[in-house]
Amino acid sequence: MPTKSQMLFDNARRLMPGGVNSPVRAFRSVGADPIFMASGKGASMTDVDAKSYIDYVLSWGPLILGHAHPEVVEALTRATETGTSFGACTPREVEMAERIVEAYPSIERVRLVNSGTEATLSALRVARAATGRDKILKFEGCYHGHGDSLLVKAGSGVATLGLPDSPGVPQALAQLTITVPFNDLTALEETFRVHRNELAAVIVEPVVGNMGCVVPRLGFLQKLRTLTQEQGTVLIFDEVMTGFRVAYGGAQQLYKIDPDMTTLGKVIGGGLPVGAYGGKARLMDLVAPAGPVYQAGTLSGNPLAVAAGLKTLEILRRPGIYERLNSLTEKLTNGLAAEAARQGVGLTVNRVGSMFTAFLTPDAVTDYASAKKADTSAYGLFFRFLLEMGIYFPPSQYEAAFMSTAHSEGDVAATIQSASLAFAGLRP
Ligand code: KE4
């Protein structure tokens, strides 16, 4: 008898590409068919077949307070009672701008949009307009949304011109994107030498989430700041994932870097569609209607997304929230590492704050090349075993996992116990 998820997926494939609205949801890299979710509450989600899971994906980061937090639901319900969208200015979006500017001293002006992709492609347009330059630099394995300039893979050799990483991306555009390995200071300096004073922007995930969680080497971000400053290149911190996640002030607060521009998303929407880009006034005042760089959006600053986001940020400002979140995450990641070691399974766990990745490899993971050494079929087994046990990890080795304030010590203990059983199945 097929499950309800299986029946839904059969129908979904008839109607949507791959049966999903975003590729990673198809579970293709973990050798399973997707599960269709019916509801979420706190740290757990329940699927259409009434099976519940402790959720460590949390909608890919936004649900730092867990599913359906009562205060967020109440704020959202109240907002819907006075309308859902006006296409006009509202007080609430000014309040969101104030919260962002307060939390990110590097941001003097901010524009709300509807996704992280919109935020990053808009920030790049501003940087190109401000510098009059076309070339940009990104890092291998970093993902900044699906804007054409960012769907580019490294050309052969360091600091060479990019190649399209997706059909439909014009070669002429891809060539303007240089890609170098993350954490590779030599390649970085070489790139700035080869393309001296030609780079409009560098865009970076200051703590990478999209090759799995990878931590910046000591001095890497500082060097990036120095090189960009020296050559008038706009430094864009893509904090769509890390913003209000690794700290209330994001990775730039943790690593004490003052980027020229920052992109945000996920947490600031509290689970509703939102993105934001902002930075120095000299840059952001180029954006229409203050300046000539065009960017617009029907639902930008949407009252519902902003209501959910504002309540989320208010709760995140309460004392002790991040300390508990981070220490519970550390307890989980220490437990995973200890269990894997006890059973002789090669595991490397990278963590910053409450985002982490369990890589199925015994070696350090510091960039995309080392992340790709992870045993993805073993990860698939690990994922499927945990899913069976009611634990929902990211359906890809190359994604970050997240903790929420709704997770309990009991959830963490149950997760470590299930992982221990999974490791038994992976023992060499
Ligand atoms: P969206 O357009 O998906 O809202 O944001 C794009 C984006 C930009 N920058 C960073 C650092 C991001 O992590 C993302 C999106 N993250 C992925 C998770 N790896 C979204 C999940 C998905 O694509 O389904």
Side-chain angles (χ1 to χ4, degrees), residues 16-30 34-35 37 55-64 111-124 136 138-152 165-166 182 201-216 221 235-246 250-252 259 261-278 295 297 299-300 302 305 308-309 350 352-357 368 371 392-402:
M16 299 183 279
V20 294
N21 282 312
S22 198
V24 71
R25 303 179 191 173
F27 281 24
R28 288 201 174 177
S29 69
V30 288
I35 306 277
M37 294 303 165
D55 180 15
Y56 291 98
V57 176
L58 296 167
S59 187
W60 301 102
L63 303 179
I64 195 167
R111 168 66 58 90
L112 299 178
V113 292
N114 299 281
S115 70
T117 294
E118 263 193 276
T120 56
L121 64 85
S122 305
L124 284 176
I136 61 170
K138 73 176 286 290
F139 295 91
E140 238 169 14
C142 287
Y143 175 71
H144 305 286
H146 58 86
D148 280 350
S149 285
L150 293 161
L151 289 182
V152 173
D165 204 9
S166 161
F182 185 76
V202 173
I203 185 165
V204 65
E205 290 183 64
V207 173
V208 187
N210 287 292
M211 57 176 107
C213 180
V214 171
V215 186
L221 296 174
L235 176 57
I236 303 170
F237 263 28
D238 179 357
E239 298 224 43
V240 166
M241 189 183 285
T242 54
F244 296 97
R245 164 61 67 179
V246 297
Q252 55 195 271
M261 297 185 79
T262 300
T263 53
L264 296 165
K266 296 182 191 272
V267 169
I268 63 169
L272 273 75
V274 74
Y277 66 103
Q295 180 270 313
L299 292 170
S300 294
N302 173 264
N350 288 350
V352 177
S354 58
M355 66 186 262
F356 64 96
T357 298
Y368 195 41
Y392 193 82
F393 260 44
S396 164
Q397 172 68 96
Y398 305 121
E399 292 286 356
F402 304 94

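Everything numeric here is computed off the predicted structure, so don't read it as measured data. Each ligand, and each atom within it, is numbered from 1 in the order the structure gives.
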What is the nearest protein non-hydrogen atom to [atom], stated with its residue, atom name and distance?
atom                    : result
atom 21 (C) of ligand 1 : W60 CG, 3.7 Å
atom 7 (C) of ligand 1  : G145 N, 3.8 Å
atom 5 (O) of ligand 1  : G116 CA, 3.3 Å
atom 9 (N) of ligand 1  : D238 OD2, 2.7 Å

Find all atoms of ligand 1 within a distance of less than 4.0 Å from any non-hydrogen atom belonging to [X], and give their numbers and elements.
X    : answer
S115 : 2 (O), 4 (O)
S22  : 22 (C), 23 (O), 24 (O)
E205 : 11 (C)

Subject >> Nearest option to atom 16 (N) of ligand 1, as decided by whichever heavy atom of H146, H144, K266, R25 sits closest >> reply: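 Looking at heavy atoms only, the winner is K266.
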**OP:** Ignoring hydrogens, just give me the one of L150, N210, V57 whose non-hydrogen atom is nearest atom 12 (C) of ligand 1.
**Re:**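 Nearest heavy atom to atom 12 (C) of ligand 1 lies in N210.
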Side chain [X], main chain [Y], donor-acceptor under 3.5 Å:
X    : Y    : value
E205 : Y143 : yes
T117 : H146 : yes
S115 : E118 : yes
R245 : M355 : no
Q252 : P259 : no

Original post:
Given the protein's heavy atoms, is any one of them under 4.0 Å from atom 3 (O) of ligand 1?
Top reply: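 Within 4.0 Å: no protein heavy atom nearby.
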Original post:
Would you call V57 and P394 a side-chain contact if the rule is heavy atoms closer than 4.5 Å?
Top reply: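 Contact flag for V57/P394 side chains = yes.
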Original post:
In terms of the angle between their ring planes, are F356 and Y56 parallel, tilted or perpendicular, with boundaries placed at 30° and 60°?
Top reply: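 Rings of F356 and Y56: perpendicular, as their planes differ by over 60°.
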Original post:
Which value, rounded to the nearest 0.5 Å, describes the distance between R111 atom CZ and Q295 atom CD?
Top reply: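 Separation between the atoms: 5.0 Å.
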Original post:
Are a donor atom and an acceptor atom from the side chains of D238 and T263 found within less than 3.5 Å of each other?
Top reply: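 There is such a pair (donor and acceptor under 3.5 Å, judged by atom type) between the side chains of D238 and T263.
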Original post:
Going by distance only, is there an N or O of E399 that falls short of 3.5 Å from an N or O of ligand 1?
Top reply: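 Right, the criterion is met.
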Original post:
Hey, is ligand 1 close enough to V24 that some N/O pair sits below 3.5 Å?
Top reply: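 V24 vs ligand 1: no N/O contact under 3.5 Å.
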Subject >> ligand 1 versus T117: contacting region, heavy-atom distance under 4.0 Å >> reply: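 Both the backbone and the side chain of T117 come within reach of ligand 1.
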